Amino acid sequence: QVQLVESGGGLVQAGGSLRLSCAASGSIASTYVMAWYRQAPGKQRELVARIFRGGTTNYEDSVKGRFTISRDNAKNTVYLQMNSLKPEDTAVYYCYDSPIIGGPYWGQGTQVTVSS
């Protein structure tokens with residue numbers, strides 16, 4: 001079973017930056033898509049960003065221009081660079097891995113809190 005281990009969450013002030021990391025227990029080079037989701041209290045879990053096998057990315061409208069998803073296949077790690085953070089970015093962030101066969105897999109979630 002693939003395990004996803006997240007790190008990098010924490011408390012930051014508005015306008016600050018964080019980089020979330022998601023380390024996978026196996027290769028991510030051939031996975032169909034990896035993504036970051038988030039869920040704020042009282043809200044549905046939403047897709048934040050995803051990166052496809054060939055490198056194509058897309059983003060939820062509210063984070064475009066501020067967040068960047070990337071991966072390092074050699075380290076089996078996916079990142080979410082978050083800049084210009086806003087209080088409305090406060091949520092639990094989840095890593096997601098959907099292989100071509102099997103899965104999907106979810107990380108445990110990491111808390112991001114942005115103070116005003």
Side-chain angles (χ1 to χ4, degrees):
Q1 198 83 288
V2 172
Q3 292 186 318
L4 306 173
V5 180
E6 299 162 323
S7 61
L11 173 64
V12 298
Q13 292 184 314
S17 297
L18 285 173
R19 188 180 75 162
L20 305 184
S21 298
C22 171
S25 61
S27 175
I28 64 170
S30 298
T31 198
Y32 173 62
V33 63
M34 298 199 72
W36 290 94
Y37 286 75
R38 67 185 180 188
Q39 187 166 20
K43 296 183 66 178
Q44 296 274 345
R45 187 173 297 186
E46 67 176 353
L47 176 65
V48 177
R50 57 184 178 177
I51 183 166
F52 292 91
R53 181 177 180 176
T56 300
T57 60
N58 55 44
Y59 299 90
E60 195 272 332
D61 286 343
S62 69
V63 309
K64 287 180 180 177
R66 300 189 297 119
F67 290 12
T68 303
I69 187 170
S70 62
R71 67 180 178 221
D72 186 335
N73 289 342
K75 296 181 179 179
N76 294 323
T77 301
V78 174
Y79 304 96
L80 185 67
Q81 179 67 46
M82 305 186 294
N83 298 326
S84 301
L85 283 161
K86 304 174 181 179
E88 52 263 44
D89 295 319
T90 295
V92 177
Y93 284 71
Y94 297 90
C95 185
Y96 170 94
D97 175 14
S98 183
I100 296 172
I101 298 175
Y105 305 100
W106 292 89
Q108 80 286 352
T110 185
Q111 178 71 48
V112 172
T113 302
V114 184
S115 64
S116 59

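Along the sequence shown, residues carry numbers from 1. Remember, it's a predicted structure, so these values are computed and weren't measured experimentally.
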Item to check | Pair T90-Q111, side-chain contact (heavy atoms from CB on, under 4.5 Å): steps then yes or no | outcome: CA-CA 8 Å; T90 295; Q111 178 71 48; 4.0 Å; yes
Checklist entry - Would M82 and V114 satisfy side-chain contact (heavy atoms from CB on, under 4.5 Å), going step by step from the backbone distance to the final call? => result CA-CA 11 Å; M82 305 186 294; V114 184; over 6 Å; no
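Here the shortest heavy-atom pairing between T110 and E6 reads N-OE1, 3.6 Å. Across all non-hydrogen atoms, the minimal contact from P87 to S116 is CG-CB, 3.9 Å. Closest non-hydrogen pair, A24 versus L4, comes out as CB-CD2, 3.8 Å. The heavy-atom pair separating L80 from A49 by the smallest distance is CD1-CB, 4.1 Å. The two residues Y94 and G107 come nearest to each other via the heavy atoms CD2-O, 3.8 Å. Taking both residues in full, the closest heavy atoms of S17 and S84 are given as OG-N, 4.3 Å, listed atom of the first, atom of the second, then distance.
Y93 is not connected to Y96 by any chain of hydrophobic side-chain contacts under 4.5 Å among Ile, Leu, Val, Met, Phe, Trp and Tyr, and they are in different clusters. No chain of hydrophobic side-chain contacts below 4.5 Å, direct or via other Ile, Leu, Val, Met, Phe, Trp or Tyr residues, connects V92 to M34. A continuous path of Ile, Leu, Val, Met, Phe, Trp and Tyr side chains, each step under 4.5 Å between heavy atoms, connects I101 with V33, placing both in one hydrophobic cluster. Residues W106 and I100 fall within the same hydrophobic cluster, defined by Ile, Leu, Val, Met, Phe, Trp and Tyr side chains chained together at heavy-atom separations under 4.5 Å. Using a 4.5 Å cut-off between side-chain heavy atoms of Ile, Leu, Val, Met, Phe, Trp and Tyr, with links allowed through other members, V78 and V2 fall into the same hydrophobic cluster.
Remark: side-chain polar atoms of T31 are paired, donor with acceptor, to backbone N or O of S98 under 3.5 angstrom.
Note on ring orientation: taking the six-membered ring where Trp is involved, the planes of Y32 and F52 are perpendicular (angle over 60°, cut-offs 30° and 60°).
Contact check on K86 versus D89 returns no salt bridge, with no Lys/Arg side-chain nitrogen under 4.0 Å from an Asp/Glu carboxylate oxygen.
Here the CG atom belonging to L47 is positioned 11.0 Å from the OH atom belonging to Y59, to the nearest 0.5 angstrom. Considering OG1 of T68 and CD1 of I51, their distance stands at 10.0 Å, rounded to 0.5 Å. Atom-to-atom distance recorded for L20:CG and W36:CH2 is 4.5 Å, nearest 0.5 angstrom. Distance CG/N76 to CZ/R71: 11.0 Å, rounded to 0.5 Å. Summarising the geometry, atom CZ belonging to R45 is positioned 13.0 Å from atom CZ belonging to R38; distances are rounded to the nearest 0.5 Å. Note that the OG atom of S62 and the CD atom of E88 stand 7.5 Å from one another [nearest 0.5 Å].
Heavy atoms of other residues, nucleotides or ligands lying less than 6.0 angstrom from CD of E46 number more than 12.
Counting heavy atoms from C-beta outward, L18 and F67 have side chains that stay 4.5 Å or more apart. Between Y105 and P99, some side-chain heavy-atom pair lies under the 4.5 Å cut-off.
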